[in-house]
Number of protein chains: 2
Amino acid sequence: MPRAGLTPVAVVDAALELLDAGDSAPTLAAVAGHVGVAAPSLYKHVPGASGLRHLVALRVIGELTARLRAAATGRSGDDAVAALLHAWRDYVLAHPHRYAAMPVQPLGDPDLARAASGMLDVVLAVLAGYGLTGQDAIHATRRIRAAAHGFATLEAQGGFGLAEDASESYQGLIDMITASLQ
Amino acid sequence: MPRAGLTPVAVVDAALELLDAGDSAPTLAAVAGHVGVAAPSLYKHVPGASGLRHLVALRVIGELTARLRAAATGRSGDDAVAALLHAWRDYVLAHPHRYAAMPVQPLGDPDLARAASGMLDVVLAVLAGYGLTGQDAIHATRRIRAAAHGFATLEAQGGFGLAEDASESYQGLIDMITASLQ
DNA sequence: GCCAGAAAGCTATGCCAATTAGCCAGAGCG
DNA sequence: CGCTCTGGCTAATTGGCATAGCTTTCTGGC
């Protein structure tokens, strides 16, 4: 039995591929099959199914943070907020199952908490451009996060059944948010 | 073996009790144990685990719709919107696992679609008070739903880790929404 | 080049949830 | 009294997760 040359990174890659292929909850057996290995062999690389989910979550939150940071750099004010929100939605639509694999509550795990805090920092940096700091900034990030997360989640799961253009709805959401930041 | 006097309604009740007791995904075995019966016996009353989830979802969406309707009746304008949003959040906080058991995408099942449409009607009725109809009203309901769903979901799952008062953040969210409806 | 040990596969096994099949008790009706 | 239907049950299958323990392959020191 030749070695497959697996690493934790490769296992997470495989899980992400399955997620992108439409499998909303890949099992260990599926991931193992995808990399050409028997299921128990994965335990040599990742700490079980929940551990793999955790690694996937870390990867996804890092990816999303990078996208948001890239979108916000070089912009400010309403322009930056719009870029942030578009990047957020684009990511969710491009990788709906990856996004769904990201836990809402990253506390309790130091790695995830750090990653989430990095994401928060991006938003806070944009809000600083409005002169928003301290508690006001926190309340504003919650508005942004609630709206973006809610919209993206609903849209990715097919929650907007009616014919109206979701992009138009999203533009309205963005306008609503930027108006609340003045 | 004396009869337990089960009905589909009683089985759903038991599942809801487990959800309220903190079990985020009660198994058939758990539900069966709660009503004092062996797991396979449940199949005489509900069509399997996924069927039970479906019945639970129907019940929850009906409950939430009733709360929203009750909150909106006798109010109009910003007052009605605020009441709607408060009722929404209150329900999610009171029954977080019930809310999580409600599918985002009710289409594909006629019963659920009808229930969801009833919920939509409540929101549309409130928006009619602003003179919003047709596509504008749909876009507005999406803003409301995205914000309320996003905020409630995040809060119920412990997503707001920082110390700032979530109720204050929510008031800001409500103000943001009503401002967008003028 | 060789060998020891670590790393990375494997098979076998156990547990749990869901489901199906098929048996049995008892309540209600003629 | 007995028939039949309903709602329980036990037994057995399937599939996912996890662990134990064996075997093979690679690597580093000599």
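Just so it is clear: chains get the letters A, B, ... in the order the sequence lines come, proteins before strands, and each one is counted from 1. Because the structure is predicted, anything quoted here is derived from the model rather than measured.
When the nucleotides dC10(C), dA18(D), dA11(D) are ranked by their closest atom to the side chain of Val37(A), dC10(C) comes out on top. Picking from dG16(D), dT10(D), dC10(C) the nucleotide with the shortest atom distance to the side chain of Thr27(A) gives dG16(D).
Remark: Tyr43(B) is not in phosphate contact with dT20(C), judged by side-chain N or O atoms under 4.0 Å from OP1 or OP2. A sub-4.0 Å separation between OP1 or OP2 of dA8(C) and a side-chain N or O of Ser41(A) is absent. For dA7(C), the OP1/OP2 oxygens have no side-chain nitrogen or oxygen of His45(A) closer than 4.0 Å.
A straight line from CG of Leu28(A) to P of dC10(C) spans 14 Å, rounded to a whole angstrom. Note: CG (Leu42(A)) to P (dA18(D)) measures 11 Å, nearest angstrom. With rounding to whole Å, Arg53(B) atom CZ is found 13 Å from dT19(C) atom C1'.
Of the two residues near DNA chain D, Lys44(A) and Ala29(A), the one whose nearest nucleotide lies more 5' is Ala29(A).
With no hydrogens or angles considered, no side-chain donor-acceptor pair links His97(A) and Asp23(A) at under 3.5 Å.
When heavy atoms are screened at a 4.0 angstrom cut-off, Gly5(A) is found touching the sugar-phosphate backbone but no base atom.
A ring-centre distance under 6.0 Å is not found for Tyr91(B) and Tyr99(B).
In terms of heavy-atom proximity, His139(B) sits nearest to Asp165(A) at CE1-O, 3.5 Å.
Without hydrogens or angle criteria, Gln182(B) side chain to Thr178(B) main chain gives a donor-acceptor distance under 3.5 Å.
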